[in-house]
Amino acid sequence: MGEPAGRPDAPGSGHVLGVDSGGSGLRIAVAHADDPEARPLALRTSDEPVCTGPAGIDAEHLLSQLLPAAAELAREVGADGFTAGCVGAAGMATLGEELRARLPGALATAFGVRRLALAADAVTAYAGALGQRPGAVVAAGTGMIALGTDLTPEGGWRRADGWGHLLGDCGGGAWIGRAGLEAALRAYDGRPGGSAALLARAEAAFGPVTGLPGALYPRPDRPAVLASFAPEVARCGTGDDAVALDILRAAAGHVADAAAAVCPPGGGTRVACTGGLFAMGEPLLAPLRAALAERLPEARTTIPAGSPLDGSLTIAAALSRDRLTLPVDRKLLQITRPAPG
């Protein structure tokens, strides 16, 4: 890459880099390091998700997208490198060893990054939703995970679910979609618990339901396919289909259970729900509000302040000013002070 773009060392000076890598692609943004709200000045997006291989998340593939985009952003905003950065990635906790090995040196060499946070996407979702406040955040799309903290070193991070569509992610998009398809198959068989409305929508989406096992089981993107049926469950719920409503109530209960498992004790603790799942609207949100009120009567449900990309910028800006108070954890939020390679 040649010489670094710059090496601004004074805490809080210059610009910071935020990265959000997930199943829908890569998002990269820059902000002023001294902006308390870490508002993005410019951003780039890629619809190409970073590959995952036998060694975990492919660092070379991520860098091949990240470095050119970050260089463009630096030129656009007149940044002489970046004082700090945060890379949030789906799978960082369990599949991020190669990222931990490669990213710090690469970003130090290319942009003079002296402080780098490597974070699980649940952590950047937390920071985007609540900033550096104690509380609990449920991040739900295809999957579902809850994360909470009281911001003390002793308390650290509390995590619930996020175990994937075969073992958990209860109440997430894949869970709802699978439950809806099961109800469709029950209706096809004539078993109790079936829904004719869901059967009709399943056949409109996938063709004859007798072909579902062969079409679904071999697919590597099976969770996403299951989750694609979740909005159909919500539509049937809007039409007052009793089975669909029961599925959505059960999903809301699972989400609230996860939030309650990680929420720090005390009145007024903030709880936020973020992610694409909640775009399903009132068929899910109404039972979710009721479930949260039942399980966390003293908590304060709040609208997320921002996205996981906003969370990456929040973490990077705090790190650049030596004001990061979120719990450091090797798997969930690792801080490095890299030297150029």
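The structure presented is a predicted model; accordingly, all values stated were derived computationally and were not measured.
Judged purely by distance below 3.5 Å, without hydrogens or angles, the side chains of Asp310 and Ser307 pair a donor atom with an acceptor atom. Remark: the Ser312 side chain and the Asp20 side chain contain no N/O donor-acceptor pair separated by less than 3.5 Å.
Judged purely by atom type and a 3.5 angstrom limit, Asp329 has no side-chain atom pairing as donor or acceptor with the backbone of Leu333. Side-chain atoms of Arg159 come within 3.5 Å of backbone atoms of Asp161 as a donor-acceptor pair (strictly under, hydrogens ignored). Side chain of Glu232 to backbone of Arg201: no donor-acceptor contact under 3.5 angstrom is found. Under a 3.5 Å cut-off, the side chain of Arg337 and the backbone N or O of Arg114 do not form any donor-acceptor pair. In this structure, Asp241 contributes its side chain and Ala244 its backbone to a donor-acceptor pair below 3.5 Å.
Ring-centre distance between His165 and Trp175: not below the 6.0 Å cut-off.
Looking only at side-chain heavy atoms (C-beta outward), Leu63 and Arg102 come within less than 4.5 Å of each other. Here the side chains of Pro134 and Thr149 are not in contact, with every heavy-atom distance at 4.5 Å or above. For the pair Leu326/Leu151, a side-chain contact is recorded, criterion being any heavy-atom separation below 4.5 Å from C-beta on. Inter-residue side-chain proximity for Leu17 and Val19 is flagged as met; some heavy-atom pair is nearer than 4.5 Å. Using a 4.5 Å cut-off on side-chain heavy atoms (C-beta onward), Leu107 and Phe82 make no contact. A heavy-atom distance below 4.5 Å is found between the side chains of Arg249 and Asp246. With a 4.5 Å cut-off on side-chain heavy atoms, Arg222 and Leu216 count as touching.
A continuous path of ILVMFWY side-chain contacts below 4.5 Å connects Leu292 to Leu248, so both sit in one hydrophobic cluster.
The aromatic rings of His32 and His15 sit tilted, their planes meeting at an angle between 30° and 60°.
Taken from CZ in Arg27 to OG1 in Thr45, the straight-line distance is 8.0 Å, to the nearest 0.5 Å.
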